[in-house]
2 protein chains.
Amino acid sequence: MPVGLTEQEIERVDELVGTRRKVARGMPLYLSGESFQSLFAIRTGFFKTEVVSEDGREQVTGFQMAGELMGLDGIGTGQHNCDARALEDSEVCVIPFNRLSELSREIDTLQHHFHKVMSREIVRDQSVMMLLGTMRAEERLAAFLVNLSQRFLSRGYSATEFNLRMTREEIGSYLGLKLETVSRGLSRLQDEGLLSVSNKNIRIHKLDDLKKAMSPRC
Amino acid sequence: MPVGLTEQEIERVDELVGTRRKVARGMPLYLSGESFQSLFAIRTGFFKTEVVSEDGREQVTGFQMAGELMGLDGIGTGQHNCDARALEDSEVCVIPFNRLSELSREIDTLQHHFHKVMSREIVRDQSVMMLLGTMRAEERLAAFLVNLSQRFLSRGYSATEFNLRMTREEIGSYLGLKLETVSRGLSRLQDEGLLSVSNKNIRIHKLDDLKKAMSPRC
DNA sequence: ACCGCGCATTGATCAACGTCAATAATGAGC
DNA sequence: GCTCATTATTGACGTTGATCAATGCGCGGT
């Protein structure tokens, strides 16, 4: 949350958070087409966001964890443009968007912070475009795991040992691969000694080499 | 530009636009790493945005035309995160970001409009992710052409006859394909009678069928 | 108007990934 | 603790798009 606020301002930002909401594993936080009213800040848990095209194609557009903001895609049209679904039992803070708008008009630090969050989401999406447009299957997997690793680390968890919350199919959808290719890729990274896979449990042995595996074949 | 403003507000939004800037074909509007100060609204011309990864990979992340806003990616870090380059001689309005921030704190219509623009950019990026993640080469090409067609139409130009401003290689980079694949795809769409290609000139004969060509094989 | 280089097209071959299929392992629910 | 459905692994094979290569064309610059 933004720093550099007066105590009074902090109080007002606190009261901005309307309610909390629990979302059980597998349940939607919101669905595409629903009216957009609020943003959601994840307190605990893990989500995926997924877009469904007219012809029925599904694409996972991201995995979100504690501290991240969801729902930004709904501002433009007033309707949510993707489904957000909990991958484990989760809890979110509900942030009514019109109150956020009002308050950010009064507290410029809040305004600036909000703009930064939106901009970073754009940059994140662009790096996924790069991944999908230019990387080979094993490189995508390595990039995906390194990204997860860094995000766990920044939350105080281990960067080298964690449990995946999503299935191979969901990983594949996110990375533009089929689930079999994801499975083979993980097996291959394991064979190369970079990590151990046991179902959803990942132990990274050589994080440096995994980072190198994001780049074209050595 | 936003509607529903008083005359006084319109004046103030007008004075927000600091200067204009001309960018010759091939020249950068900004480069990755440069300090972010302003957003740019395209008055005339055509741009591409491109990200370059650490290991040297390049990915075109979008093509922008008159009326569209560029530079949103720089807000989060204070530095531009991609290159923006003119594909033809162009002119932009320079919008100093700190003045936009101030003014949007006073004019809520402006604030809301700005938030919508950012949100739509996120949604646009997600639909590119869908394209890159799930579509086959010819489907991507069809989707690309249909998108261009609609954007020309909404600007008062022909939806069925236009000139591409970018090379096959740039199209390929955007679509996650090699330039040869782009060329073959265009030839194939031509053979199927959906359109005519003559270098950069495109004439769409069957827009409906082209839209259908975005979906999996019939 | 001309020249030259960048851009586009097309063909042949190849590798990566998808598809289809069979089996195994896991864990959620009773 | 057991069972079944879901998820994951692995193999064999097919297809798509990448790669390599050669040729032709057009347009920008002088």
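The chains referred to below are lettered A, B, ... by the order of the sequence lines, with proteins before strands, and numbering in each begins at 1. Side-chain atoms are counted along with the backbone in the values below, which use heavy atoms only and exclude waters and symmetry mates.
No donor-acceptor contact under 3.5 angstrom links the side chains of B:S187 and B:D191, judged on distance only. Checked by atom type, the side-chain pair B:Q64/B:T49 shows a donor-acceptor distance below 3.5 Å. No side-chain donor from either of B:E34 and B:S32 sits under 3.5 Å from a side-chain acceptor of the other. In this model, a donor atom of one side chain and an acceptor atom of the other lie less than 3.5 Å apart for A:E161 and A:N201.
Counting heavy atoms from C-beta on, the side chains of B:L141 and B:L186 come closer than 4.5 Å.
Nucleotide D:dT7 holds its C1' atom 7 Å from the NZ atom of A:K200, rounded to whole Å. The CG-P distance, from B:N201 to D:dG26, rounds to 13 Å in whole Å. In this structure, B:E169 places its CD atom 14 Å from C1' of D:dT19, rounding to the nearest Å. The CG-P distance, from A:L179 to D:dT10, rounds to 13 Å in whole Å. Atom CG in B:L175 sits about 11 Å away from atom P in D:dA18, given to the nearest Å. Here D:dT7 presents its P atom at 8 Å from CD of A:E170, a figure rounded to the nearest Å. When rounded to the nearest whole Å, the span between CD of B:E88 and P of D:dC27 equals 15 Å. The CD1-P distance, from B:I202 to C:dA8, rounds to 11 Å in whole Å.
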Summarise protein proximity over nucleotides 15-30 of chain C in one line of letters, 5' to 3': B for base, S for sugar-phosphate only, - for none, counting protein heavy atoms closer than 4.0 Å.
-SSSBB-----S----

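When heavy atoms are screened at a 4.0 angstrom cut-off, A:T167 is found touching the sugar-phosphate backbone but no base atom.
The existence of a salt bridge linking B:K206 and B:D208 is excluded, since no basic side-chain nitrogen approaches an acidic carboxylate oxygen closer than 4.0 Å.
Dashed line: the shortest gap from a side-chain N or O of B:S187 to OP1 or OP2 of C:dT10 is under 4.0 Å. In terms of phosphate contacts, A:R168 brings a side-chain nitrogen or oxygen within less than 4.0 Å of OP1 or OP2 of D:dA8.
When ring centroids are compared, A:F40 and A:Y30 come within the 6.0 Å threshold.
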